[in-house]
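To start, the structure under review is shown below, and the notes come after it.
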Amino acid sequence: APPPPSPPSLPPTPPPPALPVEVSLNATGALDEAIAIAQVTPVPVSITVPPGIHVLTNPIVFNASTATSELWLTASQGDALIIPSSPLKPLFVMGDGGPSFHLFGFDVAGVISMAVSPESQMVLTIQNSTFVGLPNASLPNQTSISQRRLQDKSTSTDDAASTDFDTLTAPALPPALPTTSLTAITVAPVTAHVVAAAAAAAANAAAADAAAIPDRRLLFISGGRVTARFVTFSDNRNGGAVEVTGGTLTMQDCRIQRNVAQRGAAILVEGGSVVADTCLIEDNVATEAGGGLFVRKGSVHLSNLSVLLNNEANSGRAISLDASGTISYTLPAPLGRWLLGSGTSATVFLDPGILDADYPFACSAGVFGDSYALLEQSGPSCSGSCPTGHYCPAATITPIQCLQNGTYCPLGSASPQQCPSGTFGPRALLERIEQCEVCPAGTECSAGSAEPRTCTPGSFAEFPETERCSICAAGSYQNEPGATDCDPCPAGFYCPSGS
């Protein structure tokens, strides 16, 4: 009998994954050298920096020549990361074939450029960080911004910036690496790897000089996948905050504030997609169009309490949307706000054009919005008319009690109404004009009076419901307060008007 067939050969066992290298700095001047180590280390690398100010002498370029496959750069919350330059200069330039890069816990003065092809699968993660521009360009006149502020929250409304956002708590910084064994290298400053590091640093400098950065945005993305969580982009008056021409940007719990650019001072989208969840876009100024968003191509999807407030531009203070782009919003919006939807779908698409109003729209004065219910955020009626005994300025969440004596608040009041002249309001929470009381004879009541004012000597009020006491005519007098007439001047006396 022929021998039995040999069992099929098993594929070779793959090699175990390379263990990451942990680089711990104990000097603030060693970051350049530490990153240079990552450039020539063919395994994932984690760099943890000590508290302080960390200065890069040259932009760092990650591309196909970078040896490491993944890099974590982690700081204590609020440590500074800068590259001395004016205007802004790139801190990191991400090129095709470069490693995944994760940045945690820095205050950054500089630019990150994800200058990769649109189809790139490169990953950039930024968390618990602040990007601040160099505000050395004059800010356009913002008088109209201050005029368009929402009412102070103590008197009326949900200002989304002060309500939905100030209560957010950023999570603790994540561990720099997945739980795995680490090979440790201490940099104090670096003495090992000097030869390889120097070569990598020289290559970085040359590549950075050649890198073409389209704009001095705080974050530029032409491809790949970028995630920003609990990140602030603010005060870049030399080019705006974020530009996306390809790839995907996902933002969660982010703030984009006080940036200035020609178009799309907060976010300029020329392609790719942006997803913004629970993000505040506020006080940005475009000298041309789209103070908050300018979308020419690509898409922006806003959701879950995201809001554009007090942005400015010559055209489209909040948004400028071309026909080739899309902007959508999935409710809920912040309380006190609404979108024009069907009431059955939570997602609303914005029509192309320009939008000057804050977005989502503020509930109009006279109505309030205290619910995240889909139906109540899908139209201008919001949660309904302001109830009697209360008033509701624009964007009101909780109706405000009509507590000022001399006023009343009927259904749908945008502000307290004064009791008319000749009447007064002796108590709070009046709901109807009929509850204002008639001013008695001998007293006067101007509009909004909380109580009657007694006519002074030399004046009188003959009838009830008098707005102003009359002066005693010449030839008469009145020496008592609260009079309803004047007495004739006695013989032998002279009584001019008002005696």
Please identify each residue that fulfils side chain to side chain contact (heavy atoms under 4.5 Å, CB included) with Glu288, with sequence neighbours left out. Gln262, Arg263
Please name the pair of heavy atoms, one in Thr456 and one in Ser459, separated by the smallest distance, quoted to 0.1 Å. O-OG, 2.6 Å
What is the minimum heavy-atom distance between Ala228 and Cys254, and which atoms define it? O-SG, 3.3 Å
4.5 Å side-chain heavy-atom contact, Cys279 and Ile256: no
Do you know which two heavy atoms are closest between Leu305 and Pro334, and how far apart they sit? O-CG, 3.3 Å
Is the closest basic N to carboxylate O distance between Arg258 and Asp283 below 4.0 Å? no
Using a 3.5 Å distance criterion without hydrogens, assess whether the side chain of Ser306 forms a donor-acceptor pair with backbone atoms of Thr278. yes
Does Gln435 have more than 12 heavy atoms from other residues, nucleotides or ligands lying within 6.0 Å of its CD? yes
Of Val295, Leu340, Ile319, Thr326, which meets side chain to side chain contact (heavy atoms under 4.5 Å, CB included) against Leu350? Ile319
Check: Arg255 and Ser234 side chains under 4.5 Å, non-hydrogen atoms: no
Residues in ring pair (Phe, Tyr, Trp, His ring centres under 6.0 Å) with Phe368, at least two apart? none
Evaluate the criterion side chain to side chain contact (heavy atoms under 4.5 Å, CB included) for residue pair Gln417 and Ile433; output intermediate values, then yes/no. CA-CA 9 Å; Gln417 308 298 304; Ile433 191 172; over 6 Å; no
If you measure from CD on Gln418 to OG1 on Thr423, what distance do you get to the nearest 0.5 Å? 10.0 Å
Between OG1 on residue Thr130 and CG on residue Leu218, distance to nearest 0.5 Å: 11.0 Å
Asp370 side chain reached by Leu335 side chain, heavy atoms, under 4.5 Å: no
Taken in chain and number order and not counting sequence neighbours, the residues that satisfy side chain to side chain contact (heavy atoms under 4.5 Å, CB included) with Ser273 are Thr248, Ser299
With disulfide bond (SG atoms under 2.5 Å apart) as the rule and sequence neighbours excluded, what pairs involving residues 307-382 come up? Cys363-Cys382
Of all residues at least two apart in sequence or in a different chain, which pass the side-chain hydrogen bond (donor to acceptor under 3.5 Å, both in side chains) check with Thr330? His301, Thr347
Using 0.5 Å steps for rounding, measure from the CG atom of Asp356 to the CD atom of Glu312. 8.5 Å
Are Ile267 and Leu249 packed together at the side-chain level, in the sense that at least one heavy-atom pair is separated by less than 4.5 angstrom? no
Sequence neighbours excluded, which residues qualify as ring pair (Phe, Tyr, Trp, His ring centres under 6.0 Å) partners of Phe92? Phe101
With no hydrogens and no angle check, is any side-chain donor or acceptor of Asn259 less than 3.5 Å from a backbone partner on Phe233? yes
Can you check side chain to side chain contact (heavy atoms under 4.5 Å, CB included) on Leu321 and Leu293, steps first, answer last? CA-CA 8 Å; Leu321 173 62; Leu293 300 176; over 6 Å; no
Backbone N/O of Cys472 and side chain of Ser476: donor-acceptor pair under 3.5 Å: no
Which residues satisfy the ring pair (Phe, Tyr, Trp, His ring centres under 6.0 Å) test with Phe106, sequence neighbours excluded? none
Just jot down the side-chain hydrogen bond (donor to acceptor under 3.5 Å, both in side chains) partners of Arg296, sequence neighbours excluded, or say none. Glu270
Judged by modelled atom types alone, do Asn311 and Asn284 share a side-chain donor-acceptor pair under 3.5 Å? yes
Are the side chains of Leu81 and Leu56 in touch, meaning some heavy atoms are under 4.5 Å apart? yes
Is there side-chain contact between Val111 and Leu91, with at least one heavy-atom pair below 4.5 Å? no
Taking all atoms of both residues into account, what is the closest heavy-atom pair of Gly292 and Ile281, and its distance? CA-CG2, 4.1 Å
To the nearest 0.5 Å, atom OG1 of Thr388 lies from atom CZ of Arg432 at 8.5 Å
Can you list everything that forms a side chain to side chain contact (heavy atoms under 4.5 Å, CB included) with Val348? Sequence neighbours excluded, please. Leu339
For the pair Phe361 and Tyr359, name the ring-plane relationship: parallel under 30°, tilted 30 to 60°, perpendicular over 60°. perpendicular
Whether the side chain of Asn479 engages the backbone of Pro457 through a donor-acceptor N/O pair (distance < 3.5 Å, no angle test) should be reported. no
Testing the basics here: between Trp338 and Ala362, what is the closest heavy-atom pair and its distance to 0.1 Å? NE1-O, 3.2 Å
Which residues satisfy the side-chain hydrogen bond (donor to acceptor under 3.5 Å, both in side chains) test with Glu376, sequence neighbours excluded? Ser383
Gln401 vs Leu429, test: side chain to side chain contact (heavy atoms under 4.5 Å, CB included). Steps then yes/no. CA-CA 7 Å; Gln401 289 186 317; Leu429 300 176; 3.8 Å; yes
Spacing of CG belonging to Leu355 relative to OG belonging to Ser320, to within rounding of 0.5 Å: 10.0 Å
Counting neighbours of CD on Gln404 that are heavy atoms of other residues, nucleotides or ligands and sit closer than 6.0 Å, is the number greater than 12? no
Please walk me through it: do Leu31 and Val55 pass side chain to side chain contact (heavy atoms under 4.5 Å, CB included)? CA-CA 7 Å; Leu31 186 55; Val55 180; over 6 Å; no
Any sub-3.5 Å donor-acceptor pair from Asn314's side-chain atoms to Thr287's backbone N or O? yes
Check: Ala333 main-chain N/O paired with Gln377 side-chain donor or acceptor under 3.5 Å: yes
Contacts under 3.5 angstrom, residues 439-446 side chains, donor-acceptor by atom type, not counting sequence neighbours:
unit_1: Thr443; atom_1: OG1; unit_2: Pro440; atom_2: O; d: 2.6
unit_1: Glu444; atom_1: OE1; unit_2: Cys469; atom_2: N; d: 2.7
unit_1: Ser446; atom_1: OG; unit_2: Arg453; atom_2: NH2; d: 2.8

Considering non-hydrogen atoms only, spot the tightest contact between Val367 and Cys392 and give its length. O-CB, 3.5 Å
Contacts under 3.5 angstrom, residues 484-499 side chains, donor-acceptor by atom type, not counting sequence neighbours:
unit_1: Ser499; atom_1: OG; unit_2: Pro496; atom_2: O; d: 2.6

Would a 4.5 Å heavy-atom cut-off, applied to side chains only, mark Leu219 and Val231 as touching? no
Below 4.5 Å, heavy atoms only, C-beta onward: do Asp358 and Val307 meet side chain to side chain? no
If you round to the nearest 0.5 Å, how far is CD of Gln252 from CZ of Arg229? 4.5 Å
Has Ser129 got a side-chain atom pairing as donor or acceptor with Asp107's backbone, closer than 3.5 angstrom? no
